[in-house]
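Here is the structure we will look at.
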Amino acid sequence: MKEADLALIARLRQGDQSAFDTLVRQHQKALFRLAYRMTRNADDAKDISQEAFLRAYRGLEAFDGRSSLSTWLYRITVNLCLSHLKQHRAAGEGAMPENYADPSARPLEDLQERERLRALSEAVAALPPQQQATLLLRVHHGLPYREIAEIMESPEGTVRVNYFHAVAKLRTQLKDLRDDV
Amino acid sequence: MECDACRSKLLEYLDGDLTGPAQGELEAHLTQCPGCREELQGIQDTLSLIARMPAPEPPEAFWQQYLRELRQKVAAPSWPARLQQWLAGFTRRPIPALAVGIALVLVVFLTWNTLTVQPPAPPVASLDLTEQLALSQDLDLLQEMDLLESLELLEDWDVIESRDIPDRQRAA
């Protein structure tokens, strides 16, 4: 683990309020975006990422330091997202509604590109949750397979297979969409 | 190299995990096979599109509020967390917790009984003779006291006067 992480954990364990602020500021955007891309809902993303920080703070004594702080926070967030998806899918909600009407999002001039992104978003949401999380951690967060394996608590080989399957499915669906157009 | 073998290794190739002779063999196949080149291009396009999937960029004010809320949540744990902790206490220390539970139930039960059940009045027969004689001597006084207790309104004063007059006549 990094020296900075160790120092931060020591301060957190002493109850240093500013250490908690530092922890949140360092990781809030990454956790929020991961939760957003998995749930496709900004309110859920906010709740899930905040809950991840709370659980990390309250479970600090149990943190053994074998993984980095970032990996640990990602793991908590992914688990919360997986529970959330499981709950919503079990309730028959299927893929949640598109929620990309974000005014700060990059404007998409190309209508065809917009349509492809919408289709891709639906296809990503329809992936099995484990594949979805693996894909997002790999592509959007640029994490190596080894770290994703730690986050997902799965063997590295399983993570690779999940990633390959996810990309292959999306490739096929986008190809079908292009053929249809 | 066959096309199937080539296509199964394209992601590894793009990840940079393919090295040495395996990499050379795949690249040699790609130069000769337009179908596999197209597949490679398709995977690159897919990954590029996934990377462009938008996510909100909340303003700074959002993050300030986000942190404020978190600080409050840290300071005051939510009731489910407190309930969870309380229940966890039962599972960690089942026997003392059970004993405390039983004691609490007993205290409540006994307190309730004490407050609601009145002790029965002693039967007259149980009074000894001395007490019976003393009571019979004060019987008139006790009857007057009963009458006074029943007075609630000033209009009842007439009743007393009407009762008082024959008594005085009797005394005279």
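Throughout, a chain's letter reflects where its sequence line sits, starting with A, and its residues are numbered from 1. Computed from a prediction, not measured in an experiment: that's the story for all the values here.
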- Query: Rounded to the nearest 0.5 Å, how far apart are CZ of A:Arg171 and CG of B:Leu47?
  - Reply: 10.5 Å
- Value rounded to 0.5 Å, distance of OH in A:Tyr57 from NZ in B:Lys73: 15.0 Å
- Message: Nearest 0.5 Å, please: how far is CZ in A:Phe164 from CD1 in B:Ile43?
- Response: 9.5 Å
- Query: Do you reckon A:Tyr163 sits in the same ILVMFWY cluster as A:Val161, going by side-chain contacts under 4.5 Å, direct or chained?
  - Reply: no
- Is it true that a side-chain atom of A:His140 and a backbone atom of B:Ile50 form a donor plus acceptor pair closer than 3.5 Å? yes
- Query: For B:Glu2, does the CD atom sit with more than 12 other heavy atoms under 6.0 Å from it, leaving out its own atoms?
  - Reply: no
- Note on the structure: Heavy-atom nearest pair, A:Arg33 first then B:Pro56, reads NE-O, 4.3 Å
- Item | A:Glu51 portion near chain B, given a 4.5 angstrom heavy-atom threshold | neither
- Item | Connected via hydrophobic side-chain network under 4.5 Å: A:Phe63 and B:Leu70 | yes
- Query: Rounded to the nearest 0.5 Å, what separation is found between the OG1 atom of B:Thr46 and the NZ atom of A:Lys169?
  - Reply: 14.5 Å
- How many angstroms lie between atom CZ of A:Phe32 and atom CD of B:Glu57, to the nearest 0.5 angstrom? 9.5 Å
- Item | Side-chain (A:Arg37) to main-chain (B:Met53) donor-acceptor, under 3.5 angstrom | yes
- Item | Expected output: side-chain A:Gln50 to main-chain B:Tyr66 donor-acceptor under 3.5 Å | yes
- Message: Side chains of A:Tyr145 and B:Asp17: any donor to acceptor distance under 3.5 Å?
- Response: no
- So how far is it from B:Leu49 CG to A:Leu120 CG, rounded to the nearest 0.5 Å? 5.0 Å
- If you measure from the Lys or Arg side-chain nitrogens to the Asp or Glu carboxylate oxygens, is any gap between B:Arg71 and A:Asp21 under 4.0 Å? yes
- Note on the structure: What one should report as the nearest heavy-atom pair of B:Val74 and A:Leu54 is CG2-CD2, 3.5 Å
- chain B interface, residue from A:Arg25, A:Arg138, A:Lys29, A:Gln28 that has the most non-hydrogen pairs under 4.5 Å: A:Gln28
